[in-house]
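This structure is a prediction, so every number in the text was calculated from the model and none was measured.
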Amino acid sequence: MSRSRCFVPVVLLLAAAGSAIVSSAHAASCPEGYVEIRREVTSGNKLRLYCRPIDSSMVDLSGTNLAKADKALMKHQWEMSIDWRYRNDPAVQQYLRNLWDNAFSRDDVKSVQANEKLERILADQLKANGLSPEKITAFFNTIRAFTTGEGPTPKGWEKASTFAREMDLEAATPAESSGSFYDQLEKNPGKGRSILATISPMFTAPQTTDDCVLHAIANGAQVPLKQVEETFRATMKNLAMNRVEERTNPGQIVTSPKKGGRGGLNPYEEMLIAEQLGTVIAVPRKGFARAIESTGRGVVTTVVIDEKGGSHEVVVTGVHRTGDGKTYYSVMDSNLKRYENFTAYVEKSSFERRMPSGGFVVLSEKKH
């Protein structure tokens, strides 16, 4: 899959934005069902009214303490905000499209600015959903550790075996480069000493669209693919930072650009889904063996699969040292339908040179 890579923040857009109604009659009023926010006279001596829909819905707060009532009202106000500003207002929708165009552009300045605004939108939505400032900060820190591959490992992981620490810290040895990631895969590298995750395939079929992230999360968290897909659809339908056409039709997000889709999820969407399935812990580049040994879970990560820069989501399920001294990662990949358990092996050094990020593990509450 060609995966979208961007750093997105979330901004509260147009705090009371509504439709702008222009009229030359100074006695003009907003249409039925709308309330006037403000009015102004343009240079052409026309009256411009700013209107928004009247919120006629109700929130039942009976039997609710003050703190919970405050959160419930905030969540309700945000949901009404999504219904109007993020779903129905053409000006806001175009603003979001422009932000995404800039985020994906080759202009570094525009990209950074757009991502910061998108991230602030997401932060506001998380706040409205009841997350504390500390949890919101932790959420974004996890994403940055995942996308950069830099960051600390949990203290408990430092108690991992000497073998695991050696595997993580061993220097990569030069290896021949290849045009395709799949040219380097082996079905069986030979017997050796290994660190293995307790993992089994959870998907029901090979991927057919650009949905490798969903397969990887299912395999990493050890939950059924159907559950991940349901979480994906529910999350995308209400994600205010996304374009309205993607929220209306989440399948468009994981559809190839050649067929009019986006071509995959971005790290923020990926993390939002993963965190609903369990506790997510970011894993730095030099921490895969310790993470697998300490948690028993595979590490979800990204690998560049071709010379064009196409990226793909996989799960590292083990680290192996063979009798001839070579070290391999075992990689569960939803593309590998001809391999047992969708798993192949690739030399650790070759894999790490194609790894643009770190990874993460998902500790689901219920083990399967």
Query raised in the report: Charged N to carboxylate O under 4.0 angstrom, K226 versus E229?
Result: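 No, this pair does not count.
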Query raised in the report: Among all residues two or more places apart in sequence or in another chain, which pass the ring-ring contact (aromatic ring centres under 6.0 Å, His included) test with F360?
Result: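 If we apply the ring-ring contact (aromatic ring centres under 6.0 Å, His included) test to F360, skipping adjacent residues, the hits are F146.
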Query - Residue list, ring-ring contact (aromatic ring centres under 6.0 Å, His included) with Y329, at least two apart or on another chain - result: F288, F351
Query raised in the report: Are any non-hydrogen side-chain atoms of Y182 and I305 less than 4.5 angstrom apart?
Result: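 The answer is yes; the side chains approach within 4.5 Å.
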Report task. With the side chain counted from C-beta on, respond yes when Q207 and H312 share a heavy-atom pair under 4.5 Å apart, and no when they do not. Result -> yes
Gap between atom [atom2] of [Y] and atom [atom1] of [X] - 0.5 Å precision:
| X | Y | atom1 | atom2 | answer |
| --- | --- | --- | --- | --- |
| R290 | E158 | CZ | CD | 5.0 Å |
| Q252 | N242 | CD | CG | 10.5 Å |
| E352 | T301 | CD | OG1 | 10.0 Å |

Is the NZ or CZ atom of [X] both under 6.0 Å from the centre of the six-membered ring of [Y] and within 45° of that ring's axis?
| X | Y | result |
| --- | --- | --- |
| R165 | W157 | no |
| K187 | Y339 | yes |
| R321 | Y328 | no |

**Report entry** Polar contact flag, side-chain donor to acceptor under 3.5 angstrom, E293-S161
**Finding:**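 Their side chains do contain a donor-acceptor pair, which is all the 3.5 Å distance test asks for.
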Report task. Spell out, yes or no, whether L239 and W100 are grouped together once hydrophobic residues are joined by side-chain heavy atoms under 4.5 Å, including indirect joins. Result -> yes
Requested in this report: Kindly say whether N102 contributes a backbone atom to a donor-acceptor pair with the side chain of S105 at under 3.5 angstrom?
Outcome: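 Yes; judged by distance alone, with no hydrogens or angles, the pair exists.
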Report task. Not counting sequence neighbours, which residues clear side-chain contact (heavy atoms from CB on, under 4.5 Å) with N341? List them please. Result ->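 N341: side-chain contact (heavy atoms from CB on, under 4.5 Å) contacts with P201, T343.
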Query - Whether over 12 other heavy atoms sit under 6.0 Å from D108 CG - result: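 At most 12 heavy atoms, drawn from other residues, nucleotides or ligands, come within 6.0 Å of this atom.
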